[in-house]
Amino acid sequence: MKDLIEALQIFLKYKNETYPTHCEHDVMYIMDVTKEEVSEEDRKRLGELGFIYDEDSDEGAGEGWMSFKYGSA
């Protein structure tokens, strides 16, 4: 739980407080935060916390930040 809260606090710095997440097929997506908006330091930490930026996703929410660690199942 602590890692998820830390990751969400990082994403909160960048925007989207209204509809911040989407879970589908055991994947948690962070909505409307692009890779370019996130600092290199935060990108590294998000990776350590279980988030990746998927540029090629044809499933779920499409391109964006996602984690298999905090999915809906």
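Along the sequence shown, residues carry numbers from 1.
- Atom CG of Asp3 and atom CG of Leu49 lie 5.0 Å apart (nearest 0.5 Å).
- Side-chain contact annotation: Asp54 with Tyr29, donor-acceptor N/O pair under 3.5 Å absent.
- Among Glu40, Glu63, Glu55, the single residue meeting the salt bridge (Lys or Arg N to Asp or Glu O under 4.0 Å) criterion with Lys35 is Glu55.
- A 6.0 Å sphere centred on CD of Glu41 holds no more than 12 heavy atoms belonging to other residues, nucleotides or ligands.
- Formation of a donor-acceptor pair under 3.5 Å by the Ser67 side chain with backbone atoms of Met28 is not found in this model.
- Ring to ring, Phe51 and Trp65 are not that close: their centroids are 6.0 angstrom or more apart.
- For Tyr53 against Val33, the heavy-atom pair with the smallest separation is CE1-O, 3.8 Å.
- Dense packing is recorded around NZ of Lys69, with more than 12 heavy atoms of other residues, nucleotides or ligands lying under 6.0 Å away.
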Exercise for the section: In sequence, state the C-alpha distance, the side-chain angles, and the governing distance for Thr21 and Phe11, and then conclude on side-chain contact (heavy atoms from CB on, under 4.5 Å). Expected result: CA-CA 10 Å; Thr21 63; Phe11 286 120; over 6 Å; no
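- Salt bridge Asp32/Lys15: absent, no basic N to carboxylate O contact under 4.0 Å.
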Handout entry: Audit row: Ile30, Leu46, side-chain contact (heavy atoms from CB on, under 4.5 Å) steps and yes/no
Key = CA-CA 12 Å; Ile30 302 298; Leu46 287 167; over 6 Å; no
Handout entry: Ile52/Met66 under side-chain contact (heavy atoms from CB on, under 4.5 Å): CA gap, chis, key distance, verdict
Key = CA-CA 6 Å; Ile52 60 169; Met66 59 189 282; 3.7 Å; yes
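- The structure places CD of Gln9 at 7.5 Å from CD of Glu6, a figure rounded to the nearest 0.5 Å.
- A donor-acceptor pair under 3.5 Å is formed between the side chain of Tyr14 and the backbone N or O of Ser39.
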